[in-house]
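Quick notes on the structure that follows.
Just so it is clear: chains get the letters A, B, ... in the order the sequence lines come, proteins before strands, and each one is counted from 1. Keep in mind that this is a model prediction, so the values were computed, not measured.
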There are 2 protein chains.
Amino acid sequence: MNTSDTKNKILDTAERLFARQGIGATSLRAIVREAGLNVAAIHYHFGSREALVLEVFNRRLKPINQQRVARLEELEQTRSPAIPLNDLVRAFLEPVFSYFYDQPPQVRGLMARLHTEPDVTRPVLQQYHEILQRFQGAFLNAAPWLNPEQVRYRMSFMIGSMGIMLSGRHPAFCGKNGARLKPEQLFEEVIQYNTAGLSAGAPKK
Amino acid sequence: MNTSDTKNKILDTAERLFARQGIGATSLRAIVREAGLNVAAIHYHFGSREALVLEVFNRRLKPINQQRVARLEELEQTRSPAIPLNDLVRAFLEPVFSYFYDQPPQVRGLMARLHTEPDVTRPVLQQYHEILQRFQGAFLNAAPWLNPEQVRYRMSFMIGSMGIMLSGRHPAFCGKNGARLKPEQLFEEVIQYNTAGLSAGAPKK
DNA sequence: GTCTATAAAAGGATAGAC
DNA sequence: GTCTATCCTTTTATAGAC
C-alpha cells in the first residue's frame, strides 16, 4: 500500500473517531482496529499520538486558512478601504463551510472541538495566529466604532457559533426535533447572525 | 471526613482536571492523586466513572437552570405578551454568568466543553430539554418573524458564543494579547452580540 | 512499509480489612 | 466511609521479522 494511502487512512479514521468519542478518549488501538491496520503503522507515520492529533487538525485547517487569506486579499484589493462587515464574515466562514460541505457529519464535528479541547487549541491555533491578526485588522477597519478588544471578542463569538454549526449536534435541542434547515440555509443563518452581532452598536447612517 | 466533604472534593478536583485536560483524557487516578484520596472513594460515592462525569456537570447546571426558569417566569408575568429579546437573552445567559463569576477560570472552561464532548452533550442536555423548549417558545413569541427552526439554530449560536465566553480561552487569539475586557464588560458584549444576532431580519418598526 | 510480538505502564473496577 | 491490595483490561511504544 502506498505511503500516502495509509497515512490518509489513519488520518481519516482518527478524525472520525475523535469527532465521535472525543480526542482524549480515542486510543490508537481503536483507530487502527477500525482502519484495519496496526499500532506500529501510526508510530511509523506520525511518531507519536500527539503528533497524529496535530496532523488531523492541520490537514483540514491549512487549506481552509489559505482560502481565507485569498478571499481577504481579494476583498482588500477590490473593496478597500471600506469592506462591508458581511463580506468579511463570509470571507472567514465560507471557506470552512465549502470545505466541510461534502464531508460526513462526524468529520465536521471535529472543528467544533478545536476550540474547546485544551491540548489542541493552543498548539494548533498558534500556527494560524497571523491569519487571525490580519482578519482582526480588517474587522477593525470595517467597524471603526469598536476597539480592538471588542473586535477580538466578537470574532471569538463568531468562531463559537461556527463551531456549533459545524458540530451538527445542534446543542440547544439534541433531542428528536424533526425539521432541520438545509446546510445552505443553515449557513446563511450563521452569516446573518454574526454579521448582525458584529454590527451591533454601529452608528446609524 | 464527612460524606459531602469528600464527595465535593472529588467533584471539585474532577471538574478542575476535566477543564484543564479534557474529560476523556482525565483518569480516575489522576483525580484521586490530586484530591489526596484513592480510587475506591470514587466508586463508593459515584459508582462509576461515567456517573461521576454526569454529576460534575449536573451539579453546576441544576442551579443555573433553576435560575433561568425563575427569570423566564418572572418575565412572562411582568412583560407578557411582548418580552423584549434582550431580556430573554439576559434571562438565559445571566444565570450562567453570575454563577461562574467567582469560579476559577478552569472551572468556567468546563461549560464550554459541555456542548462539544459527545458523550456528555446527549445525556446531560436531555435532562434540561424541557427548559430549552420553554425558552424556544418565548424566543419565538418575541421574534415572530422567525420560524421555529431558525429560533432553535439561533439559540444554538448563542450557546456557542456563551461557551467561548466561559472558556476564557478566547480562541481567536490564545496567544499573548495584552488587554482583556473585565468580566462584566465581556458579559455585556455577549449580551449585545447575541441580542443583535437574534434580532437579525426583524421588520423595521 | 507493514506486520507480529512484547515490553512496561496505566486504566477502571472490586474485595475485604479497619 | 475510607483505605490497601489486587484483578483484569487496555494503553503507548518499541524491537525485529518479512
B/Lys7 NZ to D/dG1 P, in whole Å, measures 10 Å
Stems for DNA chain C (at least 3 consecutive Watson-Crick or G-U pairs, under 3.5 Å) come to C:1-10 with D:9-18, C:12-18 with D:1-7
*Under 4.0 angstrom between B/Tyr44 side-chain N/O and D/dT2 OP1 or OP2*: no
query: Between A/Glu73 and A/Arg134, is the closest basic N to carboxylate O distance under 4.0 Å?
result: yes
Applied to residues 84-105 of chain B, the ring pair (Phe, Tyr, Trp, His ring centres under 6.0 Å) test, sequence neighbours excluded, yields B/Phe92-B/Phe135, B/Phe97-B/Tyr101, B/Phe97-B/Phe187
Paired with A/Glu15, the salt bridge (Lys or Arg N to Asp or Glu O under 4.0 Å) test is passed by just one of A/Arg20, A/Arg59, A/Lys9, namely A/Arg59
Original post:
Do A/Asn58 and A/Tyr128 get their side chains close enough for a donor-acceptor pair, meaning under 3.5 Å?
Top reply: yes
- Query: Just to confirm, is there a sub-4.0 Å distance from OP1 or OP2 of C/dT2 to any side-chain nitrogen or oxygen of A/Thr6?
  - Reply: yes
Discussion item. Just so I know, are the side chains of A/Asn194 and A/Met162 near enough to count as touching, which here means a heavy-atom distance under 4.5 Å?
Written reply: no
* Would you call B/Ile31 and B/Val39 a side-chain contact if the rule is heavy atoms closer than 4.5 Å? -> no
Readout for nucleotides 11-18 of chain C: B = base within 4.0 Å of protein heavy atom, S = sugar-phosphate only, - = neither; 5' to 3' it is BBBBB---
Worksheet item: Just to confirm, is there a sub-4.0 Å distance from OP1 or OP2 of D/dC3 to any side-chain nitrogen or oxygen of B/Asn38?
Response: yes
Closest non-hydrogen contact found for A/Thr26 with A/Leu17 is OG1-O, 3.4 Å
From CD of B/Gln21 across to P of C/dA10 the rounded distance in Å is 14 Å
Whole-Å distance, B/Leu37 CG to D/dT2 P, equals 8 Å
B/Thr13 and B/Glu34: side chain donor to acceptor below 3.5 Å = no
Rounded to whole Å, CD1 of B/Ile42 lies from P of D/dC3 at a distance of 11 Å
